[in-house]
Amino acid sequence: MSATKQGLIAALKQCAVLMEVSGENPFRCRAYEQGARVIEGLEGEPADWIEQGLLAKTKGIGKGLGEKIEEWVESGRLEMLEELQRKVPAGLLEIENIPGVGPKKTKLLWGEMGIDTLEKLEAAAGDGSLAELPGFAKRTAEKILAGIEQRRRYSERHSLELATLAAKAILERLRPLPRIGRIELAGSLRRSRETVKDLDIVATSTDPKPVMRAFVETPGVESVIAHGETKSSILLEGGLAVDLRVVEADQFAAALNYFTGSKQHNTALRARAKRMGYKLNEYGLFPDTDKSNLKPLPTPDEAALYAHLGLACIPPELREDMGEIEAAEQDNLPELLTSAQMIGVLHCHTNYSDGRNTLIEMATACHEAGYKYLGVCDHSQTAAYAGGLKPEDVARQWDEIDRLNTKFKGFRILKGIESDILADGSLDYEDDLLEGFDLVVVSIHGGMNMGEGEMTDRICRALEHPATTILGHPTGRLLLRREPYAVDLERVLETAAKHRVVVEINANPWRLDLDWRWIRRARAMGCRFAINPDAHDTAGLKHIPLGVGIARKGWLGPKDVINTKPLNAFKSWLDKRKTSKRIEEAAAHES
DNA sequence: GCCGTTTTCGGCCCGACTGTTTTCAGTCG
C-alpha cells in the first residue's frame, strides 16, 4: 500500500476524531469517517482517481471531500487537519479513547478543567476534583481510573487465538443451561476479522436471569461491565470483553444479524429496509408504514430476513459493505470456499528446522485430520536462527520422505522448502538443488527495513525465479505486534500473477497475510492462492480454518485455492507448471 | 459533509445500559 493513499486515509480519520472532540456537527464528522472508509476500498492512488474523474462518481465523496483529496495530492497536506491539530491537544484523542468517555465528556473535561492529557485526567479523577463537573460523580471517576488502567495494561484488539478459545469456552458453558434455546457467536469473530475487539454472543431464553448470572460468573472474568436482563458485558482476564444479548425466540435471526454486523453492513441494510418501507432493528423487520401494526415480519432465520429485503442470504464473512449487498441483490454472491474442501496442507515446519514435531508426527497428524498430502517446507540454510537446512540436511530429509511415503496409504509427503529471499532477491540454494523440490515457498525473514522500492524489487526478483511456487506471508506483518515491511503490493501481486506464482494466505493467527482486503484485488489480477498453516507443531494445523475464513472474506471459492486439489491433480499441476517454466526459460535464453 | 424515483433542504440507524439524575444525556455497539 502506497504511503500517499494510506496517509490520506489516516489524515481523514484523524480529522473526523478531532472534529468530534472539538464539538463539530456529528454528521459532518461521520462524513469524514465514511469518506476515509470509501477511499480505502478504491484501487490505485489518489492522483489516478482525480485524473480519471473517479471521485465524482464515488458515493460518499462529494464536493468538500473531493477538494480535500485534491489538496492532498497537490500539496501532501491538509490545511484543515493542521488547523485542528493546532486547536486540539493530541492528548484528547487518548482521553476520548477511554471506555465510557466519548466526545462530549472529552470536550467538557478540556473546556471546563483544561484536562488535555491522560495524566491530568488521572490526577483529577484521583483527587475528587472531577466531581465539580456536571454529570461527573464518584462512579464516573472510578470508571475513568479503571479505564486508564485497562488501556495501559491491554492493547485494544486481540488475536484470533485468544478470541476463538474464549468464545468456545463460553458457548460450551452456556449451551447446556436448562432454559436456553438458541445460542450463537456473532460479531467480528463470526465475520472472520483478523483481530477482534470483543466477542458478541446472541441467545434466546424463556428465563434470562439465570443465563445472565451464569454468564457474569464465567471463570476467568476480571470484571462485570454491565449486568442487565437482556444485555450483559464482562471483561475477561487478558482484556477481552464479551457481550451477551438474550432475546425472544422470534427475534433471534434479527438479533444475530444485527450483532454480527459489520456496522457498515447494518447501516446499509437498514437504509435499504427503510427505502422498502420497513424498519429494521435488532428485534425484527417491521412494516413501518402502518404504525398500528407492530408485529414483525416472520424471520425464522437470517436467510428469511435477507429474503424480505430482496436479497440472497449473505455469508457473515462478506458483511463489510464492500459490494455484497449489490451482489446479493443480483443473486450474484460467490460460491465460497469451505474448510471441508481443503485437501492438502502446505508450508509446515518440522524439527529439521525450528518445528517442534518430527516429520512423521506432522505427517501423521495431517493424515489423521483427513488431509491427503503434506508439503513440508522447513527453513532454508540462511535462516540459521531457525536451524535452516544445509544441502546435506535436505538430502537427509528427502531420504526420510521417500521412506515414509512407502508406508502411508492414500497420503503423501511432498518435498518442499521455505527459501529465504536473500537481500538481492536470489533464493537460498543453487538452482540444481531448488529444481529437486516439489514446491518452493519464498519468504522474507530478514532485512525488513529496506526502502519500499528496493524491497519490492527484491521480492519480484524472487518471484521471477523458475523454481518459485508460492510467495509466503507477502507483507511480513505480525498482527498487533509488527507492521508490514514497506512494499508495493500492487507490483508484487502483478508479478506473481505474471509468473503464475501462488500467493499464500498464511493462516497463522498472528499473520493472516495476505490481508483479506487485498485478496479480491489479487484475484482480479489473476493470482491464485494457497492457504497454509505455517505450522511449527501439530497443534498449528488447527489454524487452517482461520485462513479459510480470511479467504472467504476475500470472496474466494475452491477453484481459487490450489490446495483444494486432490493429490493427483495437485501433483500434475506442479509438474505441468515446472515443464512450462522450463520451456519459457529456454525460449527466453534463445531470444 | 453527503445525498435525493417522496426531497436541492433537511434529513442522516436505533436501542440498551449507566450514572446522574427526578426525566435524561452520553456512550456504546
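Scope of the values below: all heavy atoms of this structure, side chains included, with no hydrogens, waters or symmetry mates. Convention: sequence-line order gives letters A, B, ...; per-chain numbering from 1.
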#### Entry: Sequence neighbours excluded - salt bridge (charged side-chain N to carboxylate O under 4.0 Å, His left out) pairs with any residue from residues 78-89 of chain A
R77(A)-E79(A), R77(A)-E82(A), E79(A)-R86(A)
### Message
Counting only heavy atoms and a strict 4.0 angstrom limit, can you tell me which residues of residues 245-259 of chain A come near DNA chain B?
### Response
R245(A), Y258(A)
### Task
Report which part of the nucleic acid L12(A) touches: base, sugar-phosphate, or nothing (heavy-atom distance under 4.0 Å, all strands).
nothing
### Proximity to the side chain of T230(A) - top-ranked nucleotide from dG29(B), dC17(B), dC2(B)
dC17(B)
### Query
Rounding to the closest angstrom, what is the interatomic distance between dT27(B) and dT20(B) at atom C1'?
14 Å
### P316(A): side chain to side chain contact (heavy atoms under 4.5 Å, CB included) partners, not counting sequence neighbours
R190(A), T260(A), R319(A)
### Task
Could you check which of dC12(B), dG29(B), dT20(B) has an atom nearest any side-chain atom of R139(A)?
dT20(B)
### Query
Just checking L269(A): base, sugar-phosphate only, or nothing, at a heavy-atom cut-off of under 4.0 Å?
nothing
### Task
May I have the step-by-step check of side-chain contact (heavy atoms from CB on, under 4.5 Å) for F286(A) and L280(A), ending in yes or no?
CA-CA 6 Å; F286(A) 297 88; L280(A) 178 62; over 6 Å; no
### Query
Does a donor on one side chain sit under 3.5 Å from an acceptor on the other, for T204(A) and R182(A)?
no
### Task
Using heavy atoms and a sub-4.0 Å distance, could you list which residues of residues 25-37 of chain A are near DNA chain B? By number, please.
N25(A), F27(A), R28(A), R30(A), A31(A), Y32(A)
### Query
Which comes earlier along DNA chain B counting from the 5' end, the contact point of G66(A) or that of K197(A), where each point is its nearest nucleotide?
G66(A)
### Query
If the sugar-phosphate is the primed atoms plus P, OP1 and OP2 and the base is the rest, what is the B/S/- string for nucleotides 21-26 of chain B, using protein heavy atoms under 4.0 Å?
-----S
#### Entry: Residue among D200(A), D198(A), D243(A) satisfying side-chain hydrogen bond (donor to acceptor under 3.5 Å, both in side chains) with S233(A)
D243(A)
### Task
Scan H265(A) against the nucleic acid and name what it touches under 4.0 Å (heavy atoms): base, sugar-phosphate only, or nothing.
nothing
### Message
Can you tell whether the side chains of R517(A) and E194(A) come within less than 4.0 Å, N to carboxylate O?
### Response
yes
### Message
Could you tell me the Watson-Crick or G-U partner of dT8(B), where both distances fall under 3.5 Å? Say none if there is no partner.
### Response
none
### Query
Mapping Y283(A) and R275(A) to their closest nucleotides on DNA chain B, which lands nearer the 5' end?
R275(A)
### Task
Return no unless some side-chain N or O of K231(A) is found under 4.0 Å from OP1 or OP2 of dT18(B).
no
### Message
I want to check one thing: is the phosphate of dT8(B), taken as OP1 and OP2, less than 4.0 Å away from some side-chain N or O of K63(A)?
### Response
no
#### Entry: Minimum-distance nucleotide (side-chain atoms of K68(A) versus dG1(B), dT18(B), dG29(B))
dG1(B)
### Query
Quantified in whole Å, what is the C1' atom distance between nucleotide dT8(B) and nucleotide dG1(B)?
15 Å
### Query
Any Lys/Arg nitrogen of K553(A) or E317(A) sitting under 4.0 Å from an Asp/Glu carboxylate oxygen of the other?
no
### Carboxylate-amine/guanidinium contact R477(A) D515(A), below 4.0 Å
yes
### Task
Give a yes-or-no answer on whether the side chains of E320(A) and H265(A) include a donor-acceptor pair shorter than 3.5 Å.
no
### Message
For a side-chain contact (heavy atoms from CB on, under 4.5 Å) check, start with the C-alpha distance between W518(A) and E490(A), then their side-chain angles and the critical distance, and finish with the verdict.
### Response
CA-CA 9 Å; W518(A) 275 95; E490(A) 187 90 11; 3.5 Å; yes
### Summary
E74(A) meets the salt bridge (charged side-chain N to carboxylate O under 4.0 Å, His left out) criterion, sequence neighbours left out, with none
#### Entry: T140(A) side chain near dT18(B) phosphate (N/O to OP1/OP2, under 4.0 Å)
no
